[in-house]
Amino acid sequence: MILSIPTSEQELLNRAELVAGYSFGEIAQYLNIPIPANLNKQKGWVGNLIETFLGANAGSKAERDFVKLGIELKTIPVDKQGKPLETTFVSVTPLMANHGVIWETSHVKYKLAKVLWIPIEGDRTIPLVERKVGKPILWEPNQEQEQQLKQDWEELMDMVTLGKVEKITARYGTYLQIRPKAANGKALTEAIGENGQIILTRPRGFYLKKTFTMQILQASICSSHQSK
DNA sequence: CCGTGATCATGC
DNA sequence: GCATGATCACGG
């Protein structure tokens with residue numbers, strides 16, 4: 001089953017709010033999509049399920065999910081207290097041709113300009129079929145958050161361009177980190193080495209640390225209380 | 001191989 | 001316990 005692409009932000013929000021509270025089993029049955037026993041072999045299954053229901057532009061383009069609306073969709077697994085269980089992948093880390101690349105025009109800033117967060121139950125003790133979708137959060141980074149991300153991005157990209165990519169660990173960056181992002185350890189891509197030469201290294205990606213996404217989720221709880 | 005969707009699972 | 005580094009599936 002293919003659902004139409006939402007033509008407005010409000011339509012997208014309405015659909016996201018509609019699906020809140022339903023289980024993965026119910027949604028998969030409605031869309032006629034088979035449910036895996038677990039996510040071991042299909043780690044992106046939940047993300048694809050929600051994308052399909054919300055009518056996101058399918059494909060693997062380096063574009064936002066809802067191009068016309070300028071909105072990126074992210075499902076985020078949370079525990080019983082609503083805290084993130086995983087970091088959040090943002091985009092591939094460019095390891096070459098970074099001359100003149102700045103934060104303002106970076107893929108990270110672009111992707112995170114406007115995000116529709118969909119919390120999902122991620123507790124592995126709950127059978128996949130029974131796990132439920134949470135209430136959507138439409139988020140834009142505030143000035144402080146953008147500054148935090150920019151600072152981390154600049155520190156990390158400095159290392160990449162200066163040939164220190166092999167020295168980067170996930171411990172760098174306060175809220176944004178760089179980690180491997182590949183099919184397996186055999187995947188290699190070009191990068192700048194210690195002496196400015198071209199080396200082969202594992203592809204990397206930018207990820208948001210849990211401390212950052214937790215702030216987004218908690219802030220939304222606060223504002224919903226205040227608005228009552 | 002790259003980029004999309006991410007979570008797994010071992011080491012600390 | 002939990003984060004880091006590794007990995008799974010798929011379209012192009």
Side-chain angles (χ1 to χ4, degrees), chain A residues 2 5 16 24 27-28 31 33-67 71-81 83-98 106-108 110-112 115-128 131 133-134 152 156 159-160 165-191 198-214:
Chain A
I2 306 295
I5 300 170
F24 302 169
I27 300 163
L31 295 172
I33 292 173
I35 305 163
N38 54 57
L39 298 177
N40 292 27
K41 295 278 183 189
Q42 286 180 250
K43 298 178 181 180
W45 184 81
V46 182
N48 292 142
L49 182 75
I50 303 302
E51 269 194 351
T52 303
F53 186 86
L54 295 182
N57 310 40
S60 58
K61 289 174 290 187
E63 264 184 337
R64 288 179 287 211
D65 297 288
F66 298 96
V67 180
I71 295 175
E72 171 76 8
L73 175 68
K74 289 286 179 200
T75 58
I76 180 166
V78 296
D79 65 14
K80 287 173 184 174
Q81 289 112 49
K83 296 198 296 182
L85 281 165
E86 296 285 352
T87 56
T88 302
F89 173 72
V90 179
S91 63
V92 164
T93 307
L95 301 179
M96 295 288 285
N98 281 314
S106 68
H107 287 277
V108 174
Y110 174 79
K111 281 286 187 83
L112 298 180
V115 180
L116 181 63
W117 298 94
I118 311 278
I120 53 168
E121 287 182 343
D123 185 341
R124 289 192 220 178
T125 63
I126 306 172
L128 192 59
R131 292 183 208 170
V133 177
D152 284 344
L156 293 164
M159 292 187 72
V160 170
V165 64
E166 301 279 31
K167 286 197 159 49
I168 298 176
T169 71
R171 295 167 188 83
Y172 284 87
T174 308
Y175 297 108
L176 195 66
Q177 64 182 182
I178 285 181
R179 303 216 311 277
K181 165 69 172 173
N184 53 59
K186 292 174 185 169
L188 293 173
T189 192
E190 290 185 342
I198 294 177
I199 60 168
L200 288 176
T201 189
R202 301 186 328 285
R204 314 297 165 93
F206 283 110
Y207 295 79
L208 292 176
K209 293 188 177 182
K210 291 197 279 187
T211 46
F212 189 82
T213 48
M214 182 161 64

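Below, chain A is the first sequence line, B the second, and so on; all start at residue 1.
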| With sugar-phosphate meaning primed atoms plus P, OP1 and OP2, does A/Lys181 contact a base, only sugar-phosphate, or nothing at under 4.0 Å between heavy atoms? | base
| request: Write down the distance between CZ (A/Phe206) and P (B/dT4), rounded to a whole number of angstrom. | output: 13 Å
| Within the structure shown, what part of the strands sits under 4.0 Å from A/Leu188 by heavy-atom distance: base, sugar-phosphate, or nothing? | sugar-phosphate
| field | Per A/Pro203 side chain, nearest of listed nucleotides B/dT4, B/dC2, C/dA9 | value | B/dC2
| query | Closest nucleotide of DNA chain C for A/Thr87 versus for A/Gly185: which of these residues is on the 5' side? | reply | A/Thr87
| task | Round to a whole Å and report the spacing from CG of A/Leu208 to C1' of C/dT4. | result | 16 Å
| request: Round to the nearest Å and state the distance from A/Leu85 atom CG to C/dG1 atom P. | output: 15 Å
| Between atom CD1 in A/Ile118 and atom P in B/dA6, what is the gap in whole Å? | 10 Å
| request: Mind checking A/Gly47 for me? I need base, sugar-phosphate or nothing, with any heavy atom below 4.0 Å counting as a touch. | output: sugar-phosphate
Where do N or O atoms of nucleotides 9-12 of chain B meet protein N or O atoms at under 3.5 Å, pair by pair?
none

| said: As a test of reading the structure: which of B/dT4, C/dC8, B/dT7 is closest to the side chain of A/Lys41, going by heavy atoms? | reply: C/dC8
| message | Just to be sure I understand the rule, does A/Glu72 reach a base, reach only the sugar-phosphate, or reach nothing, if contact means heavy atoms closer than 4.0 Å? | response | sugar-phosphate
| Which whole-number value in Å describes the distance from A/Gln81 CD to C/dG1 P? | 13 Å
| Nearest-nucleotide pick for A/Lys74, side chain only, options being C/dA6, B/dA6, B/dT7 | B/dA6
| message | Side-chain N or O of A/Arg202 versus OP1/OP2 of C/dA6: is the shortest distance under 4.0 Å? | response | yes
| With sugar-phosphate meaning primed atoms plus P, OP1 and OP2, does A/Lys83 contact a base, only sugar-phosphate, or nothing at under 4.0 Å between heavy atoms? | nothing
| query | How long is the line joining CZ of A/Phe89 and P of C/dA6, in whole Å? | reply | 16 Å
| DNA chain C: 5'-proximal contact among A/Gln177 and A/Asn184 (nearest heavy atom) | A/Gln177
